[in-house]
Amino acid sequence: MSIQKPKGTQDLLPGEIEKWQYIENKARELCSRFNYREIRTPIFENTELFQRGVGETTDIVEKEMYTFIDKGDRSMSLRPEGTAGVVRAYVENKLYGEPDVSKLYYIGPMFRYEQPQAGRYRQFHQFGIEAFGAVDPSIDAEVIALGYTFYKELGLKDVTVEINSVGNPACRAVYREKIQQFFAPVKDKLCKDCQSRYDRNPMRILDCKIDQKYGEGAPTILEYLDEECTVHFQAVQDHLNAMEIPIRINPRLVRGLDYYTHTAFEYKAAGIGAIDTIGGGGRYNGLVGQIGGNDQPGVGLGLGMERILLVLQAQGVDIPTAPPLDVYLIGLGETAEREVTKLLQQLRVAGLKAEKDYLGRKMKAQMKSADRYHASFVAILGDDELARGEITVKTMATGEQQTLSLEQFVAAMQKQKAL
RNA sequence: GCGGUCGUGGCGAAGGGGUUAACGCACUGGUCUGUGGCUCCAGCAUUCGUGGGUUCAAGUCCCAUCGAUCGCCCCA
């Protein structure tokens, strides 16, 4: 073997790429309806952006970043998620100066240095949205609704929306202490991951599969939300109910990024082996300020493209594929060959999908090729037809043939396609 | 970072130490000197991920390495 693609990356080939294009088109079209506009930011940023934005103690920053020193001796990192870069661009371009809420979306590759498995790659793709400038719970609900609608319109079945409130820094601090108190008596019985979580992010212990038993009866964050947080969380639910988005409250839902406040949510679906999260997001009210902007609230989500594809496949959902060829042109003889080139161009300019042979193959082989392309028509032009100013057109589905004059040919094909 | 399984032609897949590497699909050509989807015939891997070792002999055993895949941690 010579050079192989980097571990955990994939080549998206014709046949597969059509599915991506379909999903991307759906995302763009949906965002347009929800009035979100596209933003494209660099796929690498100063490492510090992610350290500050995503959080120093997150797994992402601690062990999953593709970090390198560039020739100017700067530490750069491939983006491990989309929000930090969009926040940076929002601040740097002073979009907060606009009168309306900034509603943005992105589609693109993200990079995390992890061991690949079903639904997990080192280069993966996310479709995400971010809304800056509003604290109103209706926009939390809108973001959640957009993701849900996206899955639904793609044909995904049985998508669950789990939501929680992770509070604000004040009530979370209180809760954090309560959780530590709760686990203190069993601290040395916890698994080693949880022992370190105990100090760093005790809420995660509740998520641990090994230590489920110790988590029973643990206090939930919802019991410690202050007035503001409770009201906000309730309002988000009310809006979602009004929109008829089915939700499940999961008081143990904790996300892997540090920046969330208030609303946190995940979309789940079966079909990717051990992984069930297909997207997630939340509100991040302190983040813009942390990145250095004048502080503006934000909410957003990120959906994994690969995971959508995997679930679609597991559920046997069909994705529309590219239309077949309209016309396959066969030229026999040198003079006819040149006429074919000319007609091919005319057909294409006229809006038809047309193809010819480039390998000097015999008629029979060309017919087979036309068949493989599922061509609607095969047009045959030999020197004798050419001499008469005619062309033979075969309807592949029925096998019928007719003779057309060369002048009418392109127009006739165009008319057929319109049917 | 750790653990399980796997790595043979364009694809799927036999072969588990003994020397021409099955078979199926696809493809190419012929049967049909200008007509597809059917039939029949022929062709299509100096080579079994890579490197090293054991042996008279290695896809076949051993080690390493790379990759795939599944799982753990965590997430998209």
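Each chain gets a letter, A, B and so on, in the order its sequence line appears, and its residues count up from 1.
Between A:Glu339 and A:Lys342, at least one side-chain N (NZ, or NE/NH1/NH2) sits under 4.0 Å from a carboxylate O, which counts as a salt bridge. The existence of a salt bridge linking A:Glu114 and A:Lys63 is excluded, since no basic side-chain nitrogen approaches an acidic carboxylate oxygen closer than 4.0 Å. Salt bridge A:Glu162/A:Lys268: present, at least one basic N to carboxylate O contact under 4.0 Å. Using a 4.0 Å cut-off between charged side-chain N and carboxylate O, A:Glu153 and A:Arg33 make a salt bridge. A salt bridge links A:Glu38 and A:Arg28; the closest N-O separation between the charged side-chain nitrogens and carboxylate oxygens is under 4.0 Å.
Between the P atoms of B:C48 and B:A21, the separation comes to 12 Å (whole Å). Comparing the same atom, C1', in B:U60 and in B:C6 gives a spacing of 16 Å after rounding to whole Å. Using atom C1' as the reference point in both B:A14 and B:A45, the two lie 15 Å apart (nearest Å). Taking atom C1' on both B:G67 and B:G49, the two are 7 Å apart, rounded to the nearest angstrom. Taking atom C1' on both B:G53 and B:A58, the two are 11 Å apart, rounded to the nearest angstrom. Using atom C1' as the reference point in both B:C62 and B:A22, the two lie 27 Å apart (nearest Å). For the C1' atoms, the distance from B:C61 to B:G18 is 14 Å, rounded to whole Å.
In this entry the distance linking NZ of A:Lys368 with C1' of B:C38 reads 11 Å, nearest Å. B:C27 atom P lies 12 Å from atom OH of A:Tyr373, rounded to whole Å. For A:Gln4 and B:U65, the CD to C1' distance is 11 Å, given to the nearest whole Å. In this structure, A:Leu329 atom CG and B:U35 atom P are separated by 18 Å, rounded to whole Å. In this structure, NZ of A:Lys5 is placed 7 Å from P of B:U69, rounded to the nearest angstrom. Here B:A76 presents its C1' atom at 12 Å from NE2 of A:His125, a figure rounded to the nearest Å. In this structure, the NZ atom of A:Lys364 is 10 Å from the C1' atom of B:G37, given to the nearest Å.
Contact between the side-chain N/O atoms of A:Arg255 and the OP1/OP2 oxygens of B:C75 is not found at any separation under 4.0 Å. The shortest distance between the side-chain N/O atoms of A:Lys362 and the OP1/OP2 oxygens of B:G30 is below 4.0 Å. Residue A:Lys63 has no polar side-chain atom (N or O) positioned under 4.0 Å from OP1 or OP2 of B:G1. Contact between the side-chain N/O atoms of A:Gln117 and the OP1/OP2 oxygens of B:C70 is not found at any separation under 4.0 Å. Considering only side-chain N and O atoms, A:Arg372 lies under 4.0 angstrom from the phosphate OP1 or OP2 of B:C27.
When heavy atoms are screened at a 4.0 angstrom cut-off, A:Ala370 is found touching no nucleic acid atom at all. When heavy atoms are screened at a 4.0 angstrom cut-off, A:Gly128 is found touching no nucleic acid atom at all. Across all strands shown, A:Gln366 has no heavy atoms under 4.0 Å from either base or sugar-phosphate atoms. Within 4.0 Å (heavy atoms only), A:Gln123 reaches no atom of the nucleic acid at all.
Here B:A76 is the nucleotide among B:U35, B:G37, B:A76 with the atom lying nearest to any side-chain atom of A:Gln126. The side chain of A:Arg361 sits closest to B:U28 out of B:C72, B:A76, B:U28. Distance from the side chain of A:Met396 is smallest to B:G36 among B:G1, B:G36, B:U35.
A heavy-atom distance below 4.5 Å is not found between the side chains of A:Val393 and A:Val378. Annotation: side chain of A:Met367 is in contact with side chain of A:Ile330 (closest heavy-atom distance under 4.5 Å).
For B:G59, the base is syn relative to its sugar; the glycosidic angle is within 90° of 0. Base orientation at B:G37 is anti, since its O4'-C1' glycosidic dihedral falls outside 90° of 0.
Take the nearest nucleotide of RNA chain B for A:Pro6 and for A:Arg112: the residue whose nucleotide is more 5' is A:Pro6. Each of A:Gln115 and A:Leu381 was matched to the nucleotide of RNA chain B holding its nearest heavy atom; the match closer to the 5' end belongs to A:Gln115.
A ring-centre distance under 6.0 Å is not found for A:Phe111 and A:Phe44. For an aromatic pair to be called close, the ring centres must be under 6.0 Å apart, and A:Tyr36 with A:Tyr105 fails this. Between A:Tyr148 and A:Phe150, the gap from one ring centroid to the other reaches at least 6.0 Å.
Heavy-atom contacts from other residues, nucleotides or ligands closer than 6.0 Å to NZ of A:Lys157 number more than 12.
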_Intermediate values then yes/no, side chain to side chain contact (heavy atoms under 4.5 Å, CB included), A:Phe124 and A:Gln126_ = CA-CA 7 Å; A:Phe124 61 101; A:Gln126 280 188 337; 3.8 Å; yes

*Working for side chain to side chain contact (heavy atoms under 4.5 Å, CB included), residues A:Glu390 and A:Thr392*: CA-CA 7 Å; A:Glu390 291 174 341; A:Thr392 302; over 6 Å; no

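Less than 4.0 Å separates RNA chain B from at least one heavy atom of each of the following residues of residues 399-408 of chain A: A:Gly399, A:Gln401. Remark: A:Lys7, A:Gly8 in residues 7-37 of chain A come within less than 4.0 Å of RNA chain B through at least one heavy atom.
Smallest separation of non-hydrogen atoms from A:Thr47 and A:Met76: OG1-C, 3.1 Å.
In secondary-structure terms, RNA chain B builds stems of at least 3 consecutive Watson-Crick or G-U pairs, each pair having both distances under 3.5 Å, at B:1-7 with B:66-72, B:10-12 with B:23-25, B:27-30 with B:40-43, B:49-53 with B:61-65.
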